[in-house]
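Everything below concerns the one structure shown next.
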Amino acid sequence: MAETGGMPELPEVESVRRQLAPRLEARRIEHVTAVWQSRFVDVERAAGRRVGRLRRRGKYLIAELDGGLELLMHLGMTGSFRFRGPQWQPDAYVRATFTLNDAVLDFRDVRRFGSLAVVPAGQYTGTLAALGPEPLSDDFDPAAFHRALQSTSMAVKPYLLSQRPVAGVGNIYADEALWRARISPFARRIGRRRATLLWAAIREVLAEAIEREGTTFRDYQMVNGESGRNAAYLTAYGQAGLPCGRCGDPLRKVTLGGRGTTYCPRCQRP
DNA sequence: AGATCGGCCTGGACGC
DNA sequence: TGCGTCCAGGCCGATC
């Protein structure tokens, strides 16, 4: 079975942010070259502007620019940032290049699912505009999370992937958190007690993955070119057919909401 | 208006 | 060996 994942979710994007911030903040973007691509919007407007803080919201990186603008960056499936140097020279998959006053930064993205946009600060649309609370902040409240889960008829996993109940959870960490909370990905309108278990599991799996600088199967890499160390700790995602770490029954892979989903049919209850 | 589904995009794994 | 098919999936727009 092909496991091409390792897509950037919250822990991977946060790891990128931590490496990118000290080399991007307080720099001036001299100019931008972008190979045409439908997911870039007004990227050239970043030229000539100074970068303020580099923040993260969910899976998005947000660089404050002077003039009341923001540069929004999403890594998609295969996006990465690399600074030119002995360790990195551009290849055919570089989709945009930011020439800073003291460095050259490439945005590389084999599958072109990533996006870049310059927008007036705070003027968001789509997923970013409807994004749920940051899971590792106090804004992520168990009671509100329970109410959100009660408010929809969707199965819990596709609902998590919508980014509305909580920001930054993608396919890997949805499977991991549901396994840890012993909740079936097919469960609907789950009760207060189990909602709180899932709330805690989401925070745990994300915090642990950040400590390990993310999950790399193949594509995801950090700004320094290194891989994350979390793949060895996965308990569900990518483990189909292997014994469940709790009960020993084989983990099953199904399609749910169009996404590969691995879970334990025995100890994850609907 | 909320839920669902197809399209985007490419390289790698796999089968014959 | 080589070619065709399938798979990975976040987000968005169209449709129900």
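Chain identifiers are assigned alphabetically (A, B, ...) following the order of the sequence lines, protein sequences preceding nucleic acid strands; residue numbering begins at 1 within each chain.
Taking a cutoff of 4.0 Å between a charged side-chain nitrogen and a carboxylate oxygen, A:K59 and A:E9 do not qualify as a salt bridge. A salt bridge between A:R57 and A:E134 is present, with a side-chain N of the basic residue lying under 4.0 Å from a carboxylate O of the acidic one.
In this structure, the CZ atom of A:R164 is 13 Å from the C1' atom of C:dC12, given to the nearest Å. Computed from coordinates, the A:M7 CE to C:dA8 C1' distance equals 8 Å when rounded to whole Å.
With A:E204 contributing its side chain and A:I202 its backbone, the two residues share no donor-acceptor pair below 3.5 Å. The backbone N or O of A:G225 lies less than 3.5 Å from no partner atom in the side chain of A:Q87, so there is not a single donor-acceptor pair. Not one N or O on the side chain of A:D106 forms a donor-acceptor pair closer than 3.5 Å with the backbone of A:R108.
In terms of the salt bridge (Lys or Arg N to Asp or Glu O under 4.0 Å) criterion, residue partners of A:R18 (sequence neighbours excluded) are, by chain and number, A:E14.
Stacking of A:R164 on the aromatic ring of A:Y159 is not recorded, the 6.0 Å distance cut-off and the 45° axial limit not both being met. Taking the ring centre of A:F40 as origin, the terminal cationic atom of A:R95 falls outside the region bounded by 6.0 Å and 45° from the ring axis.
Only A:R39, listed by number, bring a heavy atom of residues 38-46 of chain A to less than 4.0 angstrom from any atom of DNA chain C.
Nucleic acid contact class of A:G257 (heavy atoms, under 4.0 Å, all strands): none. Base engagement by A:R259 is indicated by at least one non-hydrogen atom pair under 4.0 Å involving a base atom. Using a 4.0 Å heavy-atom cutoff across all strands shown, A:S115 reaches no nucleic acid atom at all. A:S153 comes within 4.0 angstrom of the backbone, heavy atoms only, and of no base.
At its two ends the helix from B:dG2-C:dC16 to B:dC16-C:dG2 runs along axes set 50° apart, each axis drawn from five pairs and the angle rounded to 10°.
At the phosphate of C:dC12, OP1 or OP2 sits under 4.0 Å from a side-chain N or O atom of A:T127.
Of the candidates C:dC11, C:dG10, C:dA8, the closest approach to any side-chain atom of A:R111 belongs to C:dA8. If you check C:dC11, B:dG11, B:dA3 against the side chain of A:Y93, the one that comes closest is B:dG11.
Criterion: ILVMFWY side-chain heavy atoms under 4.5 Å apart, direct or through other members. Under it, A:V166 and A:I190 are part of a common hydrophobic cluster.
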